[in-house]
Amino acid sequence: MSNLFLKPFDTPFQTVPFNDIKQEDFQPAIMQSIEDAKAEVNAIVADTAPATFRNTIIALEHTGKQLGIVTEAFFNLTSAETNDYLEKVQEEISPVLAEYGNDITLNEDLFQRVKAVYEQIDKTALSGEDLRLLDKTYKSFTRNGALLSEEDKMKLRAIDKELASVKVKFSQNVLHETNAYVLHLTEEAELAGIPESIKTQAREEATKRKLEGWVFTLQYPSFVPFMTYAANRERRKEMHLASGTKAFGSNEYNNEANIKRIVKLRDERAQLLGFASHAAFVLEERMAGNPDNVFTFLNDLLEKAKPFAAKDIDSLKPLALKDGIETI
């Protein structure tokens, strides 16, 4: 493992020193951290003492800390700036990380210790934070396959492994499309309404690309100011459509098949775990509780909000007419 990942970072607040980390450091660091985390879990399972809140729940909470640091640094980087090497690493380690997660939640001996604490401990003696941790820990097992048969556990592992791979491909396609789009402007008149600081930024981007004029991209620091201030309606439309159709064109980065596969796998996973849908699985842990409550809330919101939205549209019509827009 890279020495940088062997000790706390010598940086303010121990922030990740990305400039000092070589891309070749990530994969061995992640693989070693997985092995270390597995050893920590095995120590909990091997403890001959009766399961307690401290030797099981808290001990489990503290496992994999180093793995979390390395993976968060890695995926933070690949979500913003990547290359062929990092993408290959991402494709290789994502299924491994999914398998590691399953090795925890589908570990029968570990679950029995968690279950013993959950069922036998005097919950009135726990603080609010400890009670929350106990509840979340127990549910992380029961909601993710601990109660399944061995045959169904194998099915779940296969689903999660494929999901990890497809989701990586989806994210990579979006990032490729985001980085590939460039709005290159050469006439200053097309910059009407845009603040000087944003124009300076766009000129620097053009210079970096060895272009004359100004360059705007779909990266948020460029995209959001352009959409907020640019007076040129057609150019805003161009940027808006480019952003809204990322990974939806007729090229190798089209995500339609990936989306359909993710939806299908999520549905299979939810039903395997005893839920009617992926939405039902997710919402069980959210304030809404279930999909029916979400639709009830949205329909109620629509009924109450629509009159105010209509007023907003009426107030915008005179402004729109000044731009030659007769219908909103």
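Positions are given from 1 along the sequence.
Summarising the local packing, CZ of Phe18 is surrounded by more than 12 heavy atoms from other residues, nucleotides or ligands at distances under 6.0 Å. Within 6.0 Å of atom NZ in Lys88, 12 or fewer heavy atoms from other residues, nucleotides or ligands are found, so the atom counts as exposed in its surroundings. For His240, the NE2 atom counts as loosely surrounded, since its 6.0 Å shell holds 12 or fewer non-hydrogen atoms of other residues, nucleotides or ligands.
Between Glu205 and Lys208, at least one side-chain nitrogen of the basic residue sits less than 4.0 Å from a carboxylate oxygen of the acidic one, meeting the salt-bridge criterion. The existence of a salt bridge linking Lys304 and Asp300 is confirmed by a sub-4.0 Å separation between a basic side-chain nitrogen and an acidic carboxylate oxygen. Between Glu162 and Arg261 there is a salt bridge, since a side-chain N of the basic residue sits under 4.0 Å from a carboxylate O of the acidic one.
In the model, Asn179 has a side-chain atom that pairs as donor or acceptor with a side-chain atom of Gln219 under 3.5 Å. Checking Tyr181 against Glu238 by side-chain atom types alone, a donor-acceptor pair falls below 3.5 Å. For Asp267 and Gln271, the side-chain atoms include at least one donor-acceptor pair closer than 3.5 Å.
With sequence neighbours excluded, no residue satisfies side-chain hydrogen bond (donor to acceptor under 3.5 Å, both in side chains) with Glu24. For the salt bridge (charged side-chain N to carboxylate O under 4.0 Å, His left out) test, residues two or more places apart in sequence or in another chain that qualify with Arg157 are Asp103. By the salt bridge (charged side-chain N to carboxylate O under 4.0 Å, His left out) test, Glu119 pairs with no residue at all, sequence neighbours left out.
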Margin query: Show, in sequence, the C-alpha distance, side-chain angles and deciding distance for Leu191 and Phe216, and conclude whether the side chain to side chain contact (heavy atoms under 4.5 Å, CB included) test is met.
Written below: CA-CA 11 Å; Leu191 303 176; Phe216 293 90; 3.7 Å; yes

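In this structure, Phe111 and Tyr138 have parallel ring planes: the angle between them is below the 30° cut-off, well short of the 60° mark. Using the six-membered ring where Trp is involved, Phe5 and Phe9 have ring planes that are perpendicular, over 60° apart on the 30 and 60° scheme.
Residues in residues 33-63 take part in no ring pair (Phe, Tyr, Trp, His ring centres under 6.0 Å) pair, two or more places apart or across chains. Residue pairs meeting the side-chain hydrogen bond (donor to acceptor under 3.5 Å, both in side chains) criterion with at least one member in residues 319-328: none, sequence neighbours excluded. The stretch residues 279-304 participates, sequence neighbours left out, in these ring pair (Phe, Tyr, Trp, His ring centres under 6.0 Å) pairs: Phe275-Phe281.
Annotation: side chain of Ile30 is not in contact with side chain of Tyr100 (no heavy-atom distance under 4.5 Å). Taking the side chain as every heavy atom from C-beta outward, Val174 and Phe170 approach each other to under 4.5 Å.
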